[in-house]
Amino acid sequence: MARANDEMAALLEEYAALFAMTGGDAFRVRSYQKAARSIAGHPDDLRETDIRKIPNVGSAITGKVEEFLRVGTFHQLERLRAQVPEGVRAMTRIPSLGPKKAMALFEDLGIDSPEALAEAIRAGRLKGLRGFGAKTEANLLRGIEQLATAGGRVHIGVAMALAERVMADLPAAGRIAYAGSLRRMKETIGDIDILATGDSATLMGAFTALPYVTEVIASGAAKTSVRTDAGLQIDLRVVPEESFGAAMQYFTGSQAHNIRLREIAVKQGRKLSEYGLFEGSAVIASRTEEDVYEALGLPWVPPPLREDTGEIEAALRGELPVLVTEADIRGDLHTHTDLTDGVASIEEMVAAAAARGYEYYAITDHAPDLAMQRMTLEKALAQRELLPGLEKRHGLRLLHGTELNIAPDGSVDWPAEVLAGFDVTVASVHSHFTQSREEMTRRFIAACENPHVHVIGHPTTRKIGKRQPVDADWDEIFRVCARTGTVLEIDAYPDRNDLPADLVRRARGLGVKFSIDSDSHAVPHLANLRYGVGTAQRGWLTPDDVVNTWPADRLLAYLHGR
DNA sequence: GCCGTTTTCGGCCCGACTGTTTTCAGTCG
């Protein structure tokens, strides 16, 4: 059965939004949001835990959870759902239109969807409505159009490339860095935050003049927001050199993490803002992030952990994990060549891997069951013959592997005696994505129990923005992985980022090991590994959790000793 | 609604920018 936590958290988030729209107390809104985060991040299923022990869940929300566990919803939510049409909530996704204005439009004019709002503006029906002038109307129309076309978030690969391009294109004066969800390595990014020091007029002028900037949304001396031709919003903030650390801390977020830090500051009789930690008007810390955290009594918290899902408590106890880094990775366990669907030769791929400093590198071309790849045992064995020569020329250890196809019944290509000849096998789902939850779960478990399957590749098979993850009982699969020693892959290709970070953290809690692989089909793809490392960090993984940080001998002994 | 080394009641993070405003509300992050 699916974990009840995520569904309950989503209902509480929805309730918080509806509660705010209907004029509910802002502090209670925050309580619902905090409880939603606590429940989503709680390791145990709601059905099997003492609900009252979950932080930020008191007696009232416990009642809502219990009702949800009985009937799948709670009556307070249903009452508000009946009061606020779905389309009115959708209106709050229009930039600059929040709960107050959306409800005013609904109550005064009966406008109940973004489309109805656009019609009303064009028909002049908003004239005279308090708070809606000509500029607001124009902004709303543009926002509605953009909502319909751009659709919001992009995967981290797109956002990182744009952020690095902007930073390179701005006049280099002082410091410049990206913050926000990009620095936290979230898998999708809604907008890009860039911080810089130096002359504001010069920086802002150059920023708004960038050739790919199509619209200036807001501009002041401290902050300028633009939209690019790709539809992505970028905020540039010019901050004083002496408060760069406090600004980085603040603009990296997450908002929930920052609120916790500010609460700690308030308890110390201080005030934390993007300009520093203050005691009265005296600055206690501001120059570096480390200074700010230290002054609050905390070790520096790595950005991927800053989600208020337990990192503050871990930091206070001195128990923050020592996260895996890209430098810890000794080799890549999932890569392709032009023998199947890659575009580079084995020689080019191995040379690039050696240039990255890898100690070992696995070539894992597709196996025969993906018929369009035209793979045969003869081709695979011929490829294996090339490895000793390549090892000598490039000075790294090569592992001969294959990416197997997990059939609907959980079986894979090739009989056991052939599979036994590979150093490493990655088994992945490539088709039949719509099997029932029970069938899909059985399919993965069968693959995990195959002693010749070492790694499960891109486990959920999702493609961000294109394909939903398959439906399976992941906790059950994770337990089987832990029991059989089957490794779960974090596929670093940025439109996959699969396993996702929340599942990584759950699997780690159940004792699973991981590999972080690029799934490269070309030389530049090898560099995507950093996105997989980011996802691993968001899942709280240490080097010991990640098998491809291990020396080759330990890795191979583990894979073949299962 | 939640929470507690000043509190079981009275607090609950902070600032920038916009637009419609003669001093501020709403939105955003």
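Naming convention: chains lettered A, B, ... in sequence-line order (proteins, then strands); numbering from 1 in each chain.
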Can you tell me the distance, in whole Å, between the [atom1] atom of [X] and the [atom2] atom of [N]?
| X | N | atom1 | atom2 | value |
| --- | --- | --- | --- | --- |
| A/Leu80 | B/dG1 | CG | P | 10 Å |
| A/Gln33 | B/dC2 | CD | P | 14 Å |
| A/Phe19 | B/dG1 | CZ | C1' | 8 Å |
| A/Lys267 | B/dG11 | NZ | C1' | 11 Å |
| A/Tyr32 | B/dG1 | OH | P | 3 Å |
| A/Arg37 | B/dG1 | CZ | P | 18 Å |
| A/Tyr15 | B/dC2 | OH | P | 11 Å |
| A/Arg130 | B/dA25 | CZ | P | 10 Å |

Cationic N near anionic O, under 4.0 Å, [X] to [Y]:
| X | Y | answer |
| --- | --- | --- |
| A/Arg237 | A/Glu274 | no |
| A/Asp50 | A/Lys53 | yes |
| A/Arg37 | A/Glu307 | no |
| A/Arg479 | A/Glu476 | yes |
| A/Glu14 | A/Arg81 | yes |

Atom [atom1] of [X]: over 12 foreign heavy atoms under 6.0 Å:
| X | atom1 | value |
| --- | --- | --- |
| A/Gln468 | CD | no |
| A/Phe207 | CZ | yes |
| A/Arg467 | CZ | yes |
| A/Glu294 | CD | no |

Quick one: label [X] by what it contacts on the DNA or RNA (base, sugar-phosphate, nothing), any heavy atom closer than 4.0 Å.
| X | answer |
| --- | --- |
| A/Ala134 | sugar-phosphate |
| A/Ser254 | nothing |
| A/Ala138 | nothing |
| A/Ser225 | nothing |
| A/Ile61 | sugar-phosphate |
| A/Lys271 | sugar-phosphate |
| A/Val266 | sugar-phosphate |

Roughly how far apart, to the nearest Å, are [N] and [M] at atom [atom1]?
| N | M | atom1 | result |
| --- | --- | --- | --- |
| B/dC2 | B/dT7 | C1' | 14 Å |
| B/dT20 | B/dT27 | P | 13 Å |
| B/dC3 | B/dT8 | C1' | 9 Å |
| B/dG1 | B/dT5 | P | 24 Å |
| B/dT21 | B/dG26 | C1' | 12 Å |
| B/dG11 | B/dC17 | P | 31 Å |
| B/dC28 | B/dT23 | P | 25 Å |

Output a table of donor-acceptor pairs, distance under 3.5 Å, between side-chain atoms of residues 115-125 of chain A and any protein atom two or more places apart or on a different chain; print 'none' if there are none.
| from | atom 1 | to | atom 2 | distance (Å) |
| --- | --- | --- | --- | --- |
| A/Glu115 | OE1 | A/Ser113 | OG | 3.3 |
| A/Arg125 | NH2 | A/Leu109 | O | 3.0 |

Give a yes/no verdict on a cation-pi contact between A/Arg165 and A/Tyr212, requiring under 6.0 Å between NZ or CZ and the six-membered ring centre and an angle within 45° of the axis. yes
DNA chain B nearest-nucleotide lookup for A/Glu263 and A/Ile54: closer to the 5′ end is A/Ile54
Where do N or O atoms of nucleotides 26-29 of chain B meet protein N or O atoms at under 3.5 Å, pair by pair?
| from | atom 1 | to | atom 2 | distance (Å) |
| --- | --- | --- | --- | --- |
| B/dT27 | OP1 | A/Gly98 | N | 2.8 |
| B/dT27 | OP1 | A/Gly98 | O | 3.2 |
| B/dT27 | OP1 | A/Lys101 | N | 3.0 |
| B/dT27 | OP2 | A/Lys100 | N | 3.3 |
| B/dT27 | O5' | A/Gly98 | N | 3.4 |
| B/dC28 | OP1 | A/Ser96 | N | 2.8 |
| B/dG29 | OP1 | A/Asp191 | OD2 | 3.2 |
| B/dG29 | N7 | A/Gln255 | NE2 | 3.4 |
| B/dG29 | N2 | A/Tyr250 | OH | 2.1 |
| B/dG29 | N3 | A/Tyr250 | OH | 3.3 |

Between [options], which one does the side chain of [X] approach most closely?
| X | options | answer |
| --- | --- | --- |
| A/Lys64 | B/dC2, B/dG1, B/dA16 | B/dG1 |
| A/Arg30 | B/dC17, B/dG1, B/dC13 | B/dC13 |
| A/Ala218 | B/dT18, B/dG19, B/dG1 | B/dT18 |
| A/Ser273 | B/dC13, B/dG15, B/dG19 | B/dG15 |

Using the six-membered ring wherever Trp is involved, compare the ring planes of A/Tyr293 and A/His257 and label them parallel, tilted or perpendicular (cut-offs 30° and 60°).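 The rings of A/Tyr293 and A/His257 sit tilted, inter-plane angle from 30° to 60°.
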Mate of B/dA25 across any strand shown (Watson-Crick or G-U wobble, both atom pairs under 3.5 Å) is B/dT18
Please determine if a side-chain N or O atom of A/Tyr275 lies less than 4.0 Å away from the OP1 or OP2 oxygen of B/dA16. yes
Under 4.0 Å from any atom of DNA chain B, heavy atoms only: list the residues of residues 65-78 of chain A that qualify, in numerical order. none
